[in-house]
Amino acid sequence: MSNVFPRDTRISPPVAVRGEGCYLIDSEGKRYFDGSGGAAVSCLGHGDAGVTAAIKDQLDRLAFAHTSFFTSEPAEALAELLIQHAPGDLSRVYFVSGGSEAVEAALKLARQYYVEIDQPERSRIIARRQSYHGNTLGALATGGNEWRRAQFGPLLLDVSHIAPCYEYRFKAEKETAHEYGQRAAQELEDEILRLGPDTVMAFVAEPVVGATLGAVPAVEGYFKRIREICDRYGVLLILDEVMCGMGRTGYLYACEADGVAPDILCIAKGLGAGYQPIGAMLCSGAIYDAIASGSGFFQHGHTYIGHPVATAAGLAVVRALLDRGLVAGVTSLGEKLDDALRSLLGQHPHVGDIRGRGLFRGIELVENRETKAPFDPSQKIAAKLKKAAMEAGLICYPMSGTIDGQKGDHILLAPPFIMTDDHIGELSEKVAISVTKVLG
Ligand code: PLP
């Protein structure tokens, strides 16, 4: 088990000892280009002096004060900054330590909201197949990723799953992208009607699907239609931007590209950029007011919510993303990366699709480009790619997902926003070397 310590030397990965900009360095001195920011975490790269100084400064002043007794300056300032740029009516922030906790908090908040406004029969959740929303039991039940769920049933929550909006696989040839998006969104309305509108609490989705599909944005119009359906039936829209948020797609909040605002939004990963473990749930003023004027208290909490050092790190990260123009630069860097990947791999017989938004890019690998048939899972393509990439000095995120019951493979790229044109060349070449080594 490579995720248990102390390490098992028979299978353990290398020991990382230093981070410098876009690179990680192991105890043997080998350098790796961090092409996926771990798992879409390190948006600022490694060793950012400003964030490190902010953390040290906060530690010198105040490491911890429990939120039952105190608030803190960095938590207040970070909340203000997040809200200032947030879409719609998102106006309150609840800080947690990571993505799964943000999703758990969102689910509990949605449930408490409906209990407090006297609609306790609303408890059902709808999410999408091939999705991942975290590993704690509520988040795991919400996610529609079969292999992650398989061993843990029966799961705690009543969740049903509709199809993701996945143009490469599910758009019919005769449809336009827009028509496909409307058809995909219609599944939500059908499912709400099937379950009974008064029983449904929330719909949960990632604006750009990360780990499970490999950087798949919805087609134009899909989320607008989803928003309309949610509004029509009083279903809360919870968007999970744990991976795709914090500038990764070229917008501070990924849903801005889709022109929608959720009722509840989850962020993590890029918020702490790896400098501290932090996540957050943002909710609408309407939800906040209902609870504030009801019981007056969100019945939830963890010891480390709103941790001063974690929020100081988050504050320094978000300021850097905005003040240094890093989010503003993501779209053009993403286009250059897309061009570079297409020129090296666009004609490869096993590359089915290259897609994504901003610096969130996916490459889908297929056995047969014409039929889009995935590789047989026994070939363990994702595992082989990870090994080949690390040998080539590249950290990327190859994953096996499930497509219509069959396993499929993709590589997810989520490099730091500080990358230069030279870095784009290095990253795309190392990806191409790894793909060629495994697939010819
Ligand atoms: N939601 C999404 C979309 C994710 O990609 C992840 C992690 O990859 C999570 C939630 C869970 O976040 P964490 O691993 O920080 O608990």
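Nothing fancy with the numbering, it's 1 onward along the sequence. All of these numbers come straight from a predicted model, not from anything done at the bench. Every number for a ligand or one of its atoms is a count from 1 in the order of the listing.
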Close N/O pairs between ligand 1 and protein, under 3.5 Å:
| unit_1 | atom_1 | unit_2 | atom_2 | d |
| --- | --- | --- | --- | --- |
| ligand 1 | 1 (N) | D240 | OD1 | 3.3 |
| ligand 1 | 1 (N) | D240 | OD2 | 2.7 |
| ligand 1 | 8 (O) | K269 | NZ | 3.0 |
| ligand 1 | 12 (O) | S100 | N | 3.3 |
| ligand 1 | 15 (O) | G99 | N | 2.8 |
| ligand 1 | 16 (O) | S100 | N | 2.8 |
| ligand 1 | 16 (O) | S100 | OG | 2.6 |

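- Of all heavy-atom pairs between P308 and P74, the closest is O-CG, 3.4 Å.
- Y23 has its ring centre no less than 6.0 Å from the ring centre of Y32.
- Looking at Y113 and R122, their side chains never come closer than 4.5 Å, going by heavy atoms from C-beta outward.
- Qualifying ring-ring contact (aromatic ring centres under 6.0 Å, His included) partners for H46, counting only residues two or more places apart in sequence or in other chains: none.
- Considering only residues two or more places apart in sequence or on other chains, R148 meets the salt bridge (Lys or Arg N to Asp or Glu O under 4.0 Å) condition with none of them.
- Shown here are the side chain to side chain contact (heavy atoms under 4.5 Å, CB included) partners of E228, two or more places apart in sequence or in another chain: R225.
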